[in-house]
Amino acid sequence: MDNWITGMDLSTLQAVEENGGKFFDNGQQADAMEILKSYGMNLVRLRLWNDPFDENGNSYGAGGGDIETTLALAKRAKKLGVGWLLDFHYSDFWADPGKQRVPKAWRGMNEKELEQAVYEYTLQILNRCREEDIVPQMVAVGNELSNGLLWPLGELSPRRNLEEPLQTENSLAGAGENTDSLSCEKMVNGDGRPASPEQAPEYAYKNVAAFVSAGIRAVRDFEDSQRIGRNPDNTIETAAANKIPVIIHLDNGGNNTLYRSWFDHYFANGGEDFEYIGLSYYPFWHGTLDMLQNNMNDIAKRYGKKLVVAEVSMGFTLEDYAAYEKLAPGERKGMATKPEIAAKVPYPMTPQGQADFMRDCIRVIRQVPDGLGCGFIYWEPAWLPVPNVGWANAASCAYIREPGPYGNEWANQALFDYEGNALPALRVIERES
């Protein structure tokens, strides 16, 4: 793939379309992927959840996130000549710094068993991709791993006031449902920000390195397995395998202390090598662009890895979209970028403000030393506020033991307006990329 990544996370696209979402460019209706490709998109990022269904087969929603939906979207990208990034969450639902739930099938496993489960699952999914002729061009081993993964054994956030004791040595056998009941609110500092991993116990760093390394080894073994093929006369031949770059992705891209601490501990604990460091950067949560620039410049020199802003977005309006969601007030999540948050961002949440932010963000990435700033992935640019496509639904709220609400909180940060019209930021992305 090209060195510069102009990526889009389109994990909810199929669900948006199935629920009436339509997309337009210059007044002409078209396929969203085709529109985005015309503005330079060369990579589609797709998240994968292990088993995002309840015991009755009901989807947890939020776009699906299951292997069938993921492969269907990847095949659409391939038909357009666009690569794709497979984003393993290693969870049955959302995984991020506030929550990293062990999949249902892995509950009760000890450290070694979880390590083996990560390896086997990663290899199984990649083999399925090969069977479907849709091998990804990049793999993310875990999602926003700032506070670790597969909690509590791989948990890097300080534990505060938890009702259940942490079991660390060899097993969580007998813990049952308790392994999945860790509340996001219990995992953050008092001001709501994820706690710093600097305070984590050493065993947690060791486990995180082991779990992530297991996923990387699976990718490498999959690459090796592709090198062996057979000629028509059934004699074995050796074929050159395409290397699949691995990305390790943290959030809070403006926090240099986080990145230095996390990766120093990862390498000190024997973490497997990889190609890309991914950073999430949302200007309303993760500091200034200067902070992002300073962090990227520092870690580029420190670790010598390619860098990609693996999640980024900016609002284009603060106008409500309740009429589009068709939910009762108590069912609506409401936009994440509420006015009091938006007021702290030095760009107005208007179509021009969104475009200006993307221009400046891309220029920051391009200024990283030694050409190691390799692009960005815009998060969910096509998540229109159609009915039935919120961040969760009744089945997933029951699973995570939260009452809701579960509407869309991202529609005002898409690259299409509420009616599906392409926004000016796309022209900036095309020009600057």
Undergrad: In this structure, is the centre-to-centre distance between the rings of Phe53 and Tyr60 below 6.0 Å?
TA: no
Undergrad: Can you tell me how the ring of His286 sits relative to the ring of Tyr281, calling it parallel under 30°, perpendicular over 60° and tilted otherwise?
TA: tilted
Undergrad: Rounded to the nearest 0.5 Å, what separates atom CG in Asn255 from atom OG in Ser280?
TA: 12.5 Å
Undergrad: To check you understand the geometry: which heavy-atom pair defines the closest contact between Ala392 and Ala62, and what is its length?
TA: N-CB, 4.5 Å
Undergrad: Between Gly63 and Thr69, what is the shortest heavy-atom contact and its length?
TA: O-CG2, 3.6 Å
Undergrad: What I want to check is whether the side chains of Tyr303 and Asp264 have a donor and an acceptor closer together than 3.5 Å.
TA: yes
Undergrad: Determine the minimum heavy-atom distance between His89 and Trp49, stating which atoms define it.
TA: ND1-NE1, 3.1 Å
Undergrad: Given Arg128, which partner from the list Gln124, Glu132, Glu131 fulfils the side-chain hydrogen bond (donor to acceptor under 3.5 Å, both in side chains) test?
TA: Glu132
Undergrad: Mind checking whether Trp379 and Trp94 have parallel, tilted or perpendicular rings, split at 30° and 60°?
TA: tilted
Undergrad: Hey, what's the ring geometry for Tyr282 with Trp285, parallel, tilted or perpendicular (30° and 60° as the breaks)?
TA: perpendicular
Undergrad: Stepwise, does the side chain to side chain donor-acceptor pair (under 3.5 Å) test hold for Glu311 with Tyr378?
TA: CA-CA 6 Å; Glu311 291 185 21; Tyr378 199 98; over 6 Å; no
Undergrad: For residues Glu272 and Ser213, is any side-chain donor paired with an opposing acceptor at under 3.5 Å?
TA: no
Undergrad: Hey, mind stepping through Tyr259 and Tyr266 against ring-ring contact (aromatic ring centres under 6.0 Å, His included) and telling me if it holds?
TA: CA-CA 10 Å; Tyr259 280 74; Tyr266 175 80; over 10 Å; no
Undergrad: Run the salt bridge (charged side-chain N to carboxylate O under 4.0 Å, His left out) check on Lys206 and Glu111 step by step: do they pass?
TA: CA-CA 10 Å; Lys206 179 180 177 182; Glu111 294 96 322; over 6 Å; no
Undergrad: Decide yes or no for Val312 and Cys361: does some side-chain heavy atom of the first lie under 4.5 Å from some side-chain heavy atom of the second?
TA: yes
Undergrad: Would you say Lys301 has more than 12 foreign heavy atoms packed within less than 6.0 Å of its NZ?
TA: no
Undergrad: Taking all atoms of both residues into account, what is the closest heavy-atom pair of Pro405 and Gly330, and its distance?
TA: CB-O, 3.4 Å
Undergrad: One thing to verify: whether Arg76 and Glu17 come together as a salt bridge, which I'm taking to mean a side-chain N less than 4.0 angstrom from a carboxylate O.
TA: yes
Undergrad: Can Glu275 and Arg220 be said to form a salt bridge (charged side-chain N to carboxylate O under 4.0 Å, His left out), step by step?
TA: CA-CA 12 Å; Glu275 287 73 36; Arg220 302 305 180 223; 2.9 Å; yes
Undergrad: Kindly indicate whether a cation-pi arrangement holds for Lys305 with Phe263, taking the cut-offs as under 6.0 Å to the six-membered ring centre and within 45° of the axis.
TA: no
Undergrad: Side chains of Asp92 and Asn50: donor-acceptor distance under 3.5 Å anywhere?
TA: no
Undergrad: Could you pull out the closest heavy-atom pair between Asn143 and Gln100, with the gap in Å?
TA: O-NE2, 3.1 Å
Undergrad: Has the side chain of Asn295 got a donor or acceptor atom that lies under 3.5 Å from a matching backbone atom of Gly253?
TA: yes
Undergrad: Is Lys79 close to Lys75 at the side-chain level, that is, under 4.5 Å between some pair of heavy atoms?
TA: no
Undergrad: Does the Lys NZ or Arg CZ of Arg332 fall within the cation-pi geometry relative to Tyr321 - under 6.0 Å from the ring centre and within 45° of the axis?
TA: yes
Undergrad: Quiz question: by atom type and distance under 3.5 Å, do the side chains of Tyr90 and Thr122 form a donor-acceptor pair?
TA: yes
Undergrad: Quick one: pull up OG1 in Thr288 and CE in Met291 and give me the separation to the nearest 0.5 Å.
TA: 5.5 Å
Undergrad: Report yes if some heavy atom in the side chain of Asn412 is under 4.5 Å from a heavy atom in the side chain of Thr337; otherwise report no.
TA: yes
Undergrad: Is the distance from the ring center of Phe357 to that of Phe284 below 6.0 Å?
TA: no
Undergrad: Does a salt bridge link Lys99 with Glu402, judged by any charged N lying under 4.0 Å from a carboxylate O?
TA: no
Undergrad: Testing the 3.5 Å rule here: is there a donor-acceptor pair between the side chains of Arg47 and Thr70?
TA: no
Undergrad: Using every non-hydrogen atom in the two residues, find where Tyr203 and Leu153 come nearest and quote the distance to one decimal.
TA: CE1-O, 3.9 Å
Undergrad: Are Asn393 and Ser59 linked by a side-chain donor-acceptor pair shorter than 3.5 Å?
TA: no
Undergrad: Can you tell me how far CZ of Phe376 sits from CG of Leu279, rounded to the nearest 0.5 angstrom?
TA: 14.5 Å
Undergrad: When Ser146 is tested against each of Asn252, Asp251, Asp96 for side-chain hydrogen bond (donor to acceptor under 3.5 Å, both in side chains), which residue passes?
TA: Asp251
Undergrad: Does Arg45 pair with Asp87 as a salt bridge, N-O distance under 4.0 Å?
TA: yes
Undergrad: Is it true that Thr12 and Glu380 share a donor-acceptor pair across their side chains at a distance under 3.5 Å?
TA: yes
